[in-house]
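Written below as structure tokens is the structure these notes are about.
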Amino acid sequence: MTMSTTYTRRTKDQLAARVAQDIFDGAVVNLGIGQPTLVANHLPKGREVILQSENGILGMGPAPEAGEEDYDLINAGKQPVTLLPGGSFFHHADSFAMMRGGHLDICVLGAFQVSATGDLANWHTGEKDAIPAVGGAMDLAIGAKQTWVMMDLLTKQGASKLVQECSYPLTGIACVKRVYSDLATLECTPEGLKLVDLVEGLSREELEKLVGLPIAA
């Protein structure tokens, strides 16, 4: 069988737009540090999505225009943000009560590894020189009604971040519902991976070869 290699990876903004497309109207959403913060810039006009930040903000808007940054108004990754009308600030403890209490509809997190059944590893690679950074990831992964992961599918060395079983320290067990990547969108189920969509030019068979795992259509 000849496999096509004429596909183009999603850019970070294209990936953020793909995630934003699936966030439903009225959802309360936490966007994790790193790539997930870009989702705020791509939410469809006319769709009300309430963005929460674990450092104590509800009602964040998109990133400010250049020169309009207010560094007293930042997200959990210390990036300047905007506040929509009706937005609010509150204590860190109240923020974590929201996260742990099941009040978030969706959280979007980055990851080092995700297993086929939805185990998440995103706070430490286990390497001696790596700096562990759990933050609120464990609280978010378990507390949100849905946990989505947004990441590059492959490492810089070409290894799949989707694995049969995580080798890095776990953040949460069977908590990831969807993985949005630069090559494909997949669901994690108790039976394994299920394909949602692919970038144009990439076949499911080639994706299986890249990931090294079976992927149900």
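Side chains are part of it too, since the values below use all heavy atoms of this structure and drop only hydrogens, waters and symmetry mates.
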#### Entry: Joint cluster assignment, V108 & V49, ILVMFWY side-chain distance < 4.5 Å
yes
What verdict does the side-chain contact (heavy atoms from CB on, under 4.5 Å) test give for M151 and L162, after you've listed the backbone C-alpha separation in whole Å, the side-chain angles of each residue and the deciding distance to 0.1 Å? CA-CA 10 Å; M151 66 180 187; L162 279 171; 4.2 Å; yes
Side chain to side chain contact (heavy atoms under 4.5 Å, CB included) filter on C107, not counting sequence neighbours, yields N30, L109, L140, A144, T147
Tightest non-hydrogen contact, residues P64 and P80, listed as CD-O, 3.3 Å
Contacts satisfying ring-ring contact (aromatic ring centres under 6.0 Å, His included) that involve residues 196-217 (not counting sequence neighbours) are none
Residues passing the side chain to side chain contact (heavy atoms under 4.5 Å, CB included) test with F96, sequence neighbours excluded, are E54, H92, M99, R100, D139
Tell me whether I142 shares a hydrophobic cluster with V176, the cluster being built from Ile, Leu, Val, Met, Phe, Trp, Tyr side chains joined at under 4.5 Å. no
- prompt: Can you find a pair of side-chain heavy atoms, one from C188 and one from L193, that are under 4.5 Å apart?
  reply: yes
Here the pair of heavy atoms bringing L154 nearest to L210 is CD2-O, 4.1 Å
Value for SG (C166) from CZ (F112), rounded to nearest 0.5 Å, stands at 12.0 Å
In short, ring-ring contact (aromatic ring centres under 6.0 Å, His included) pairs touching residues 113-136 with sequence neighbours left out are none
Would you say the side chain of F89 lies within less than 4.5 Å of the side chain of L73, judging by non-hydrogen atoms? yes
The side chain to side chain contact (heavy atoms under 4.5 Å, CB included) partners of I173 (sequence neighbours excluded) come to D119, L170
Are L153 and L202 grouped together when hydrophobic residues (ILVMFWY) are joined by side-chain heavy atoms under 4.5 angstrom apart?
yes
Distance col, row I215:CD1 vs K194:NZ, nearest 0.5 angstrom, shows 13.0 Å
Hits for side-chain hydrogen bond (donor to acceptor under 3.5 Å, both in side chains) against D152, two or more places apart or cross-chain, chain-then-number order -> none
Item to complete: Consider only side-chain heavy atoms of I, L, V, M, F, W and Y, link residues closer than 4.5 Å, and tell whether I23 and V196 are in one cluster.
Response: no
Distance-only donor-acceptor pairs under 3.5 Å for side chains of residues 34-44, two or more places apart:
residue : atom : partner : partner atom : Å
T37     : OG1  : G34     : O            : 2.8
T37     : OG1  : Q79     : OE1          : 3.4
N41     : OD1  : A63     : N            : 3.0
H42     : NE2  : D13     : OD1          : 2.9

- Item | Test item: L51 and V81 side chains (from C-beta on) under 4.5 Å apart, heavy atoms | no
Rounded to the nearest 0.5 angstrom, the CG-OG distance for L31 and S53 is 8.5 Å
Residues passing the salt bridge (Lys or Arg N to Asp or Glu O under 4.0 Å) test with E69, sequence neighbours excluded, are none
Note to self: If you define the side chain from C-beta out and look only at heavy atoms, does anything of K161 sit under 4.5 Å from V114?
What the structure shows: no
So the ring-ring contact (aromatic ring centres under 6.0 Å, His included) pairs with at least one residue in residues 46-65 (sequence neighbours excluded) are none
In terms of heavy-atom contacts, D25 and E48 come closest through OD1-N, 2.6 Å
- Message: Please tell me whether V19 and V149 are part of a single hydrophobic cluster in this structure, the criterion being side-chain heavy atoms less than 4.5 Å apart.
- Response: no
Interatomic distance, CZ@R47 vs CZ@F24, rounded to 0.5 Å, equals 10.5 Å
Shortest non-hydrogen pair, L120 vs A111, comes out as CD1-CB, 3.6 Å
Correct closest heavy-atom pair for P169 and A121 would be O-CB, 3.4 Å
Residue pairs meeting ring-ring contact (aromatic ring centres under 6.0 Å, His included), one or both in residues 156-207, sequence neighbours left out, come to W148-Y180
ask   = Do the non-hydrogen side-chain atoms of T82 and P62 ever get within less than 4.5 Å of each other?
value = yes
| query | Under 4.5 Å between any side-chain heavy atoms of R18 and D197, yes or no? | reply | yes
CG of N122 to CD of Q113, rounded to nearest 0.5 Å, is 11.0 Å
So CZ of R178 and CG of D22: to nearest 0.5 Å the spacing works out to 5.0 Å
- Any ion pair linking K145 and D105 (charged N to carboxylate O, less than 4.0 Å)? yes
Quiz item: Side chains of L186 and V211: does their closest heavy-atom pair fall under 4.5 Å?
Solution: no
Discussion item. Between K209 and E205, does any NZ, NE, NH1 or NH2 come within less than 4.0 Å of an OD or OE carboxylate oxygen?
Written reply: no
- Minimum side-chain heavy-atom gap I57-N75 below 4.5 Å: no
Exam field: side chain R9 to backbone S181, donor-acceptor pair closer than 3.5 Å: no
Contacts of D72 meeting side chain to side chain contact (heavy atoms under 4.5 Å, CB included) (sequence neighbours excluded), chain-then-number -> D70
Sequence neighbours excluded, the answer for side-chain hydrogen bond (donor to acceptor under 3.5 Å, both in side chains) partners of T8 is none
